[in-house]
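Working notes, structure below.
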Amino acid sequence: MPLFHRDRITGLLVYPLGDLLAQLILHQLSLGRTAALALAGSLIYAEEIPRWFSFIERRTGHWLLKTLLALLYFNPVWIARHLFFIAVGEDISLLGGWDSAGFALLACLQAGLRSFIGAVVLSLIGNYLIQNVVSLRHRFLASAVFSGLMALYYAVSVVLFS
């Protein structure tokens, strides 16, 4: 994929923007976290998510299977990896050794599982809409926006219920 491909620009801007808004709701600001999500969005997510969505589109036309395959992709391990990118962005020293990185990864796995279970209904609805209403060309953008909305949902939940 070329450096300035539409999906790379989307990943570079939309993932960190949604998270930045969530940070502001929580009265936090981490430019390292924002940069980490910009890099993950443009270099990793922009490559793998559109490929998965294309795979889903080629394999099935059934609305339920498309929705479940999208949910299968955005599983607790995917969420944990996303949270780990955030953690590394906030504290780059986590990459300095297994002790700190390993504990951070375990914490992210636990948080990823809780997040997945806690938001499974919203994720089903969001993934249904993305896979069955949005054209394949725009699904990565829709997915990135949905991710940002979920970040806002989590931030508002923390403010309201803490």
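Throughout, numbering of the chain's residues begins at 1 and tracks the sequence. Computed from heavy atoms alone, side chains included, the values below leave out hydrogens, waters and symmetry copies.
Residues forming a side-chain contact (heavy atoms from CB on, under 4.5 Å) with V145 (at least two apart in sequence, or on another chain): V14, L141, L149. Listed by chain and residue number, A22 satisfy the side-chain contact (heavy atoms from CB on, under 4.5 Å) test with A151 (two or more places apart in sequence, or in another chain). Partners of R51 according to the salt bridge (charged side-chain N to carboxylate O under 4.0 Å, His left out) rule, which considers only residues two or more places apart in sequence or in another chain, are E47. For S143, the side-chain contact (heavy atoms from CB on, under 4.5 Å) test picks out Y15, I49, F53, F74, I130, with sequence neighbours left out. Applying the side chain to side chain donor-acceptor pair (under 3.5 Å) criterion to D91, with sequence neighbours excluded, gives S93.
Rounding to the nearest 0.5 Å places CD1 of I56 at 10.5 Å from CZ of R58. For the atom pair SG (C108) and CG (L83), the distance works out to 5.0 Å, reported to the nearest 0.5 Å. From M150, atom CE reaches atom NE2 of H82 across 11.0 Å, with rounding to the nearest 0.5 Å.
Both Y128 and I125 belong to a common hydrophobic cluster when Ile, Leu, Val, Met, Phe, Trp and Tyr are linked at side-chain heavy-atom distances under 4.5 angstrom. The cluster map of Ile, Leu, Val, Met, Phe, Trp and Tyr, joined by side-chain heavy atoms under 4.5 Å apart, puts F55 and L136 in the same cluster. In this structure, L106 is not a member of the same hydrophobic cluster as F84, with clusters built from ILVMFWY side-chain heavy atoms closer than 4.5 Å. Connection of V156 to L122 is not established within any shared hydrophobic cluster, with ILVMFWY side chains joined at heavy-atom distances below 4.5 Å, either directly or through further cluster members.
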Identify every side-chain donor-acceptor pair in residues 61-73 under 3.5 Å, counting partners at least two apart or on other chains, and give the distances.
from: H62; atom 1: ND1; to: L64; atom 2: N; distance (Å): 3.1
from: K66; atom 1: NZ; to: E57; atom 2: OE1; distance (Å): 3.3
from: K66; atom 1: NZ; to: Q131; atom 2: O; distance (Å): 3.0
from: T67; atom 1: OG1; to: W63; atom 2: O; distance (Å): 2.8
from: T67; atom 1: OG1; to: N132; atom 2: ND2; distance (Å): 3.1
from: Y73; atom 1: OH; to: E48; atom 2: OE2; distance (Å): 2.7
from: Y73; atom 1: OH; to: W78; atom 2: NE1; distance (Å): 3.4

What side-chain donor-acceptor pairs closer than 3.5 Å can you find for residues 25-37, not counting sequence neighbours?
from: S30; atom 1: OG; to: R33; atom 2: N; distance (Å): 3.1
from: R33; atom 1: NE; to: D19; atom 2: OD1; distance (Å): 3.3
from: R33; atom 1: NE; to: D19; atom 2: OD2; distance (Å): 2.6
from: R33; atom 1: NH1; to: E90; atom 2: OE2; distance (Å): 2.9
from: R33; atom 1: NH2; to: D19; atom 2: OD1; distance (Å): 2.7
from: T34; atom 1: OG1; to: Q23; atom 2: NE2; distance (Å): 3.2
from: T34; atom 1: OG1; to: S30; atom 2: O; distance (Å): 3.1

Could you pull out all donor-acceptor pairs under 3.5 Å where a side-chain atom in residues 114-121 meets a protein atom, sequence neighbours excluded?
from: S115; atom 1: OG; to: A111; atom 2: O; distance (Å): 2.9

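The shortest side-chain heavy-atom distance between L109 and P76 does not fall under the 4.5 Å cut-off.
Note on residues 146-162: no pairs pass salt bridge (Lys or Arg N to Asp or Glu O under 4.0 Å), not counting sequence neighbours. Applying the ring pair (Phe, Tyr, Trp, His ring centres under 6.0 Å) test to residues at least two apart or on different chains, none of the pairs has a partner in residues 139-162. Counting only residues at least two apart or on different chains, no salt bridge (Lys or Arg N to Asp or Glu O under 4.0 Å) pair has a member in residues 142-151. Residue pairs meeting the salt bridge (Lys or Arg N to Asp or Glu O under 4.0 Å) criterion with at least one member in residues 144-162: none, sequence neighbours excluded.
R6 places a side-chain N or O within donor-acceptor distance of the main-chain N or O of R137, the cut-off being under 3.5 Å. Here the side chain of R139 pairs a donor or acceptor atom with the backbone of V134 at under 3.5 angstrom.
The shortest non-hydrogen separation linking G112 to I79 is CA-CG2, 3.6 Å.
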